Amino acid sequence: MPQSKTTWIILALLLTALTLAACGGAQAPVSAAGVTAPAKLNLPVNVDAATVENVRNRADVVIIDVREDVEYAGGHIPGAVLIPLAQIPQRLAEIPQDKTVIAVCRSGNRSIQVTYFLQQQGFTNVHNMAGGMRAWSRAGYELEK
C-alpha cells in the first residue's frame, strides 16, 4: 500500500517526539562535587505508609514523629526524629525548611495538626503520613526501638 510523503514525515516526527520524551526527561541537578542530587519530590499533603517507606532513606527527607516519648520508644520508623506535638512550636528551628518533612503519629490525627501548623508557619514541603504508625505496622514495615 503506497504511503504519501506527508504520512512518512508525520510518522518520523512522532517517532522522534516519542524518543525524545522517553529519553530526555528532566535531569536531576548535579552538585558541585559532581554527585547527582535526587529529583525533588512532589507529594500530596497526605501520603501513605508505602510512600514513606519508599522515600524515608533519601537525604532530602526528614520524618518527624510527633508522638510522646513512650510511644516512640515502643517502636518508630527508623531514622525518625522525635518532636512531640506539644514541643513543635518551641522546636521549629530543628525542622528543616529545605527538605521534605513528613509528620507521623499513631493514627494520623496529631500529625495532620502538625502538618497544618507548619504550613501556617511558612513550611511549604510538609506532609502527613495518613494512618500513622498503625498503618506502618499493618504494612509490616521495619520498626526501630
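Computed from a predicted structure; not experimentally measured.
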Closest approach of [X] to [Y] (non-hydrogen atoms, all atoms of both residues):
{"X": "Ile112", "Y": "Val45", "value": "CD1-CG1, 4.2 Å"}
{"X": "Ala135", "Y": "Ala130", "value": "CB-O, 4.0 Å"}
{"X": "Ser137", "Y": "Leu143", "value": "OG-CD1, 4.1 Å"}

Who are the side-chain contact (heavy atoms from CB on, under 4.5 Å) partners of Asn54, not counting sequence neighbours?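 Scan of Asn54 (side-chain contact (heavy atoms from CB on, under 4.5 Å), adjacent residues dropped) gives none.
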Partner set under side-chain contact (heavy atoms from CB on, under 4.5 Å) for Ala50, not counting sequence neighbours: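 In terms of side-chain contact (heavy atoms from CB on, under 4.5 Å), with neighbours along the sequence ignored, Ala50 is linked to Asp48, Tyr141.
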With sequence neighbours left out, write down each residue that passes side-chain hydrogen bond (donor to acceptor under 3.5 Å, both in side chains) with Asp65, or none if nothing qualifies.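 Residues passing side-chain hydrogen bond (donor to acceptor under 3.5 Å, both in side chains) with Asp65: Arg67.
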My understanding is that only residues two or more places apart in sequence, or in another chain, count here; which of them pass side-chain hydrogen bond (donor to acceptor under 3.5 Å, both in side chains) with Gln120?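 With neighbours one apart ignored, the set is empty.
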Show every donor-acceptor pair shorter than 3.5 Å between a side-chain atom in residues 95-107 and any protein atom, with sequence neighbours excluded, or say none if there are none.
{"unit_1": "Lys99", "atom_1": "NZ", "unit_2": "Ala59", "atom_2": "O", "d": "3.2"}
{"unit_1": "Thr100", "atom_1": "OG1", "unit_2": "Asn125", "atom_2": "ND2", "d": "2.9"}
{"unit_1": "Ser107", "atom_1": "OG", "unit_2": "Asn109", "atom_2": "ND2", "d": "3.3"}

How long is the span from the OG atom in Ser111 to the CZ atom in Phe117, to the nearest 0.5 Å?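 Output value for this atom pair is 15.0 Å.
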Any chance you could measure Leu43, atom CG, to Asn128, atom CG, to the nearest 0.5 Å?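 The CG atom of Asn128 is 12.0 Å from CG of Leu43, to the nearest 0.5 Å.
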Using side-chain heavy atoms (C-beta onward) and a distance below 4.5 Å, is Leu118 in contact with Leu92?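 Leu118 vs Leu92: side chains touch.
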Kindly list each side-chain donor-acceptor pair under 3.5 angstrom involving residues 70-88, sequence neighbours excluded, with atom names and distances?
{"unit_1": "Glu71", "atom_1": "OE1", "unit_2": "Glu68", "atom_2": "N", "d": "2.8"}
{"unit_1": "Glu71", "atom_1": "OE1", "unit_2": "Arg110", "atom_2": "NH1", "d": "3.0"}
{"unit_1": "Glu71", "atom_1": "OE2", "unit_2": "Arg110", "atom_2": "NH2", "d": "2.9"}
{"unit_1": "Tyr72", "atom_1": "OH", "unit_2": "His76", "atom_2": "NE2", "d": "3.4"}
{"unit_1": "Tyr72", "atom_1": "OH", "unit_2": "Ala80", "atom_2": "O", "d": "2.6"}
{"unit_1": "His76", "atom_1": "ND1", "unit_2": "Tyr72", "atom_2": "O", "d": "2.9"}
{"unit_1": "His76", "atom_1": "ND1", "unit_2": "Glu144", "atom_2": "O", "d": "3.1"}
{"unit_1": "His76", "atom_1": "NE2", "unit_2": "Glu144", "atom_2": "OE1", "d": "3.0"}
{"unit_1": "Gln87", "atom_1": "OE1", "unit_2": "Arg91", "atom_2": "NH1", "d": "2.6"}

Quick one: do Val126 and Val66 end up in the same hydrophobic cluster if we chain Ile, Leu, Val, Met, Phe, Trp and Tyr together by side-chain heavy atoms under 4.5 Å apart?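 Cluster IDs for Val126 and Val66 match.
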Would Ile63 end up clustered with Met133 when hydrophobic side chains under 4.5 Å apart are linked, directly or stepwise?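 Ile63 clusters together with Met133.
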Without swapping roles, check the side chain of His127 against the backbone of Pro44 for a donor-acceptor pair under 3.5 Å.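 Confirmed, His127 side chain pairs with Pro44 backbone.
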Starting from the C-alpha separation in whole Å, work towards a yes-or-no answer on side-chain contact (heavy atoms from CB on, under 4.5 Å) for Arg56 and Glu142. CA-CA 11 Å; Arg56 72 181 175 91; Glu142 179 183 2; 3.2 Å; yes
